[in-house]
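Below: the structure, in structure tokens.
Computed over heavy atoms, backbone and side chain alike; hydrogens, waters and symmetry mates excluded.
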Amino acid sequence: MPEGIRKVNVIGHLHPDTDSICSAIAYAYLKNQVEHTNIYEPRRAGAINRETAFVLGHFGFNEPELITSVTPQVKDTEIQRQDGIDSEMSLFAAWNLMRETRVDTLCITDDEDGLQGLIAVKDIANANMDVFDVSVIGESSTSYANIIDTLNGEMVLGDPAARVTGGSVRVGTTPEMMEDTVQPGDIVLVTNRYETQRFAVECGASCLVVCCSAHVSHQVLASAERSGCSIITTPYETYAAARLISMSIPVRSKMLSENILKVSVNTSIDDARKMMAKSRHRYFPVIDENSRYVGLISSPNLLAAKKKHVILVDHNERSQSVEGLEQAEIMEIIDHHRIGSIETSSPAYFRNMPVGCTCTIVHMMYRENGVEIPKDIAGLMLSAILSDTLAFRSPTCTQIDRAAAEDLARICDEDIPTYADAMFEAGADLTGRTAEEVFHQDFKVFSRGNVKFGVGQGSYMTENSRKAAEKLVGPYLREAAQAEELPLVFYLFTDVKSSSSEILWSGEGADDIVARAFDVEPKGDVALLPGVVSRKKQVIPALMATLQSIQEDQD
């Protein structure tokens with residue numbers, strides 16, 4: 001296993017059937033056992049059908065996690081793990097943190113890492129330039145602790161945890177100059193002049209900021225204590241203190257809290273890149289699946305996104321796979337269908353065998369690697385073989401499939417005929433199901449030349465259940481063709497016990513294609529296909545050959 005791989009998704013095809021789901025689970029387990037790891041995880045590419053739900057429930061499995069795309073996501077990039085800051089942090093402290101971490105954006109979070117807002121270096125710069133806003137400290141309810149920290153000061157009198165509740169910032173020069181400017185509740189910056197300090201207190205100042213670490217007399221202290229005036233000393237001169245004090249306000253007063261451009265760890269790289277291109281910000285907050293802040297990301301990070309690693313089971317055609325496959329690293333393909341259109345960017349392990357089921361191949365690989373098959377995994381693989389071979393009635397079934405199924409039945413202690421009947425009956429149950437649900441329970445898209453077409457199939461143990469399915473799905477085929485954007489759609493309703501199928505269709509010329517492909521005479525919108533039960537071996541090749549012939553005639 002190459003180093004640095006965080007996870008490998010083992011995925012079946014779209015509109016998954018029992019083999020697609022069971023082979024993903026069984027093969028992921030095998031790979032983890034062989035390589036002594038836990039990075040291989042089964043996934044499903046769509047909703048499971050009732051047959052598969054019965055199988056998973058019977059053997060005690062939950063549905064694999066859904067995956068609809070394997071395009072690189074934000075979580076596949078290098079997220080800068082910059083901790084969130086408290087909303088009470090001063091602008092001055094935030095500025096210093098930006099310089100230390102070399103970022104120009106900080107995220108403000110609550111105690112549970114919920115994103116409250118963000119502040120950029122330009123926000124701090126704008127606040128610093130607004131020199132005429134003398135009431136900002138009071139309006140921001142700034143804590144005295146922030147003022148002390150910003151001015152590198154010491155609180156001589158008062159409570160550092162208290163807050164400024166109003167007033168403006170004034171510079172105290174002389175009593176004569178202060179008489180018409182200092183108002184009750186103001187913060188007054190003074191130096192060492194006793195008269196100025198005393199007059200500021202008598203004017204009702206809420207706080208004295210004594211610059212240059214000047215001495216404060218006992219008389220002033222006593223007067224300030226009686227008046228409820230706090231006193232802070234700072235080593236900075238008056239000019240520096242006056243410039244800095246506005247930077248003590250909390251970041252919440254200047255942060256962006258609405259319409260924040262953020263990305264989720266599950267956002268695709270393409271979507272993140274488009275979002276970033278519309279913004280002047282350099283860094284963007286990233287949230288996890290629970291909407292908790294986890295870090296920052298910038299445009300350069302997107303260039304180094306790692307590809308997702310996938311193993312494909314039960315298919316090898318792009319049209320049947322999840323989105324974004326061309327951007328993923330395909331490590332392996334395990335399949336039993338015709339070789340289709342998937343290309344890989346690097347060599348991959350490709351095992352394709354003419355057997356009736358992917359799980360038959362997986363069973364062989366367990367034996368080849370000497371890995372013991374657990375009882376529940378054996379049950380899944382048995383179910384897949386019975387489903388894909390129609391309990392050995394399909395012409396795709398080989399002796400290898402039979403032998404594998406018998407071996408797996410011994411392990412999971414199931415009687416094959418009894419279990420197969422129960423499984424097929426569960427899959428045929430139409431109670432509460434819509435035409436769309438039944439249609440998609442086993443539907444695949446194929447192409448021949450410039451023609452794309454879809455073929456679905458349902459298998460039924462009784463004629464009544466088959467007829468009920470035809471009555472439900474038949475009228476939906478035209479709508480399905482439009483939804484899937486396909487010119488031709490065919491659907492097989494297979495009677496398992498009689499080894500025959502009825503085929504319905506939608507699309508211009510579909511009836512003629514069926515007549516030529518199977519040498520039958522359609523009756524209305526349906527044709528009987530005696531002995532036809534395998535989509536892979538009996539239906540797809542016949543349709544492909546007929547479409548090829550029609551194209552050649554047209555050329």
Any Lys31 side-chain heavy atom under 4.5 Å of Val8 side chain: no

Trace of the side chain to side chain contact (heavy atoms under 4.5 Å, CB included) decision for Leu430 with Val438: CA-CA 8 Å; Leu430 300 180; Val438 177; 3.8 Å; yes

Side chains of Ser20 and His315, donor plus acceptor under 3.5 Å: no

Heavy-atom closest contact (Ala45 atom, Leu66 atom, distance): C-CD1, 3.9 Å

Check against salt bridge (charged side-chain N to carboxylate O under 4.0 Å, His left out), Arg351 and Glu332: CA-CA 8 Å; Arg351 185 155 182 171; Glu332 300 182 24; over 6 Å; no

Minimum side-chain heavy-atom gap Met275-Asp271 below 4.5 Å: no

Ser268 and Asp270: side chain donor to acceptor below 3.5 Å: no

Any side-chain heavy-atom pair of Ser321 and Ile11 under 4.5 Å: no

Distance-only donor-acceptor check, side chains Lys536 and His336, under 3.5 Å: yes

Distance in Å, Leu56 CG paired with Leu380 CG, rounded so as to fall on 0.5 Å steps: 6.5 Å

Neighbour count above 12 (heavy atom, 6.0 Å) for Glu343 CD: no

Salt-bridge contact Glu329-Lys306 (side-chain N to carboxylate O under 4.0 Å): no

Distance-only donor-acceptor check, side chains Tyr283 and Gln82, under 3.5 Å: no

Exam field: side chain Asp314 to backbone Asp19, donor-acceptor pair closer than 3.5 Å: no

Within-4.5 Å side-chain heavy-atom neighbours: Ser506 and Tyr491: no

Whether Phe493 and Tyr460 hold their rings parallel, tilted or perpendicular, with breakpoints at 30° and 60°: parallel

Gap separating the CD1 atom of Ile260 from the CD1 atom of Ile108, nearest 0.5 angstrom: 8.0 Å

Derivation and outcome, salt bridge (charged side-chain N to carboxylate O under 4.0 Å, His left out), residues Arg50 and Glu437: CA-CA 10 Å; Arg50 291 199 176 183; Glu437 290 173 339; 5.3 Å; no

Side-chain donor/acceptor of Asp388 to backbone N/O of Cys357, under 3.5 Å: no

Closest non-hydrogen atom pair, Val74 against Ile297: CG1-CD1, 3.7 Å

Heavy atoms from other residues, nucleotides or ligands near CZ of Arg367 exceed 12 (cutoff 6.0 Å): yes

Within-4.5 Å side-chain heavy-atom neighbours: Leu151 and Phe92: no

Over 12 foreign heavy atoms within 6.0 Å of CZ, Arg273: yes

Worked check of side chain to side chain contact (heavy atoms under 4.5 Å, CB included) between Ile339 and Phe350: CA-CA 10 Å; Ile339 298 176; Phe350 188 1; 4.2 Å; yes

Closest approach of Val313 to Ser23 (non-hydrogen atoms, all atoms of both residues): CG2-OG, 3.4 Å

Met353 vs Met364 side-chain heavy atoms within contact, under 4.5 Å: yes

Asp104 side chain to Met98 backbone, donor-acceptor under 3.5 Å: no

Matching residue for Val169 among Ile137, Val164, Val136 - test: side chain to side chain contact (heavy atoms under 4.5 Å, CB included): Ile137

Pairs meeting criterion side-chain hydrogen bond (donor to acceptor under 3.5 Å, both in side chains) with involvement of residues 56-81, two or more places apart: Arg6-Asp76, Arg44-Glu63, His58-Glu414, Ser69-Thr71, Gln73-Lys308, Lys75-Asn266, Asp76-Lys308

Whether Phe439 and Tyr476 hold their rings parallel, tilted or perpendicular, with breakpoints at 30° and 60°: perpendicular

Donor-acceptor pair, side chain of Asn32 and main chain of Tyr29, under 3.5 angstrom: no

Over all atoms of both residues, closest heavy-atom pair of Ser87 and Pro250: O-CB, 3.5 Å

Asn146 (side chain) donor-acceptor with Met89 (main chain) under 3.5 angstrom: no

Check: Tyr27 side chain, Tyr40 main-chain N or O, donor-acceptor pair, under 3.5 Å: no

Heavy-atom pair of closest approach, residues Ile540 and Phe453: CD1-CE1, 4.3 Å

Separation between CG of Asn301 and OG of Ser298, rounded to the nearest 0.5 Å: 3.5 Å

Distance-only side-chain donor-acceptor flag, Thr52 / Thr18, under 3.5 Å: yes

Gln33/Glu372 under side chain to side chain contact (heavy atoms under 4.5 Å, CB included): CA gap, chis, key distance, verdict: CA-CA 9 Å; Gln33 292 297 305; Glu372 182 179 353; over 6 Å; no

Close side-chain approach of Tyr349 and Ile334, heavy atoms under 4.5 Å: yes

Separation of Asp413 CG from Leu408 CG (nearest 0.5 Å): 13.0 Å

Inter-residue atom distance Met423.CE - Ser387.OG, 0.5 Å rounding: 5.0 Å

Electrostatic pair Lys452-Glu484, nearest N-O below 4.0 angstrom: no

Step-by-step side chain to side chain contact (heavy atoms under 4.5 Å, CB included) determination, Arg252 to Glu88: CA-CA 7 Å; Arg252 58 175 164 75; Glu88 295 302 321; 2.6 Å; yes

Closest contact, heavy atoms only, Ser90 versus Thr150: OG-OG1, 3.8 Å

Heavy-atom donor-acceptor pair, Asn126 side chain to Lys122 backbone, under 3.5 Å: yes

Heavy-atom check, side chain of Lys262 versus side chain of Leu118, under 4.5 Å: no

Exercise: do Ser394 and Thr396 side chains pair donor with acceptor under 3.5 Å: yes

Distance (rounded to the nearest 0.5 Å) between Phe59 CZ and Phe54 CZ: 8.0 Å

Test item: Arg163 side-chain N/O and Ser141 main-chain N/O as donor-acceptor pair under 3.5 Å: yes

Backbone of Ala145 reached by a side-chain donor or acceptor of Asp149 within 3.5 Å: no

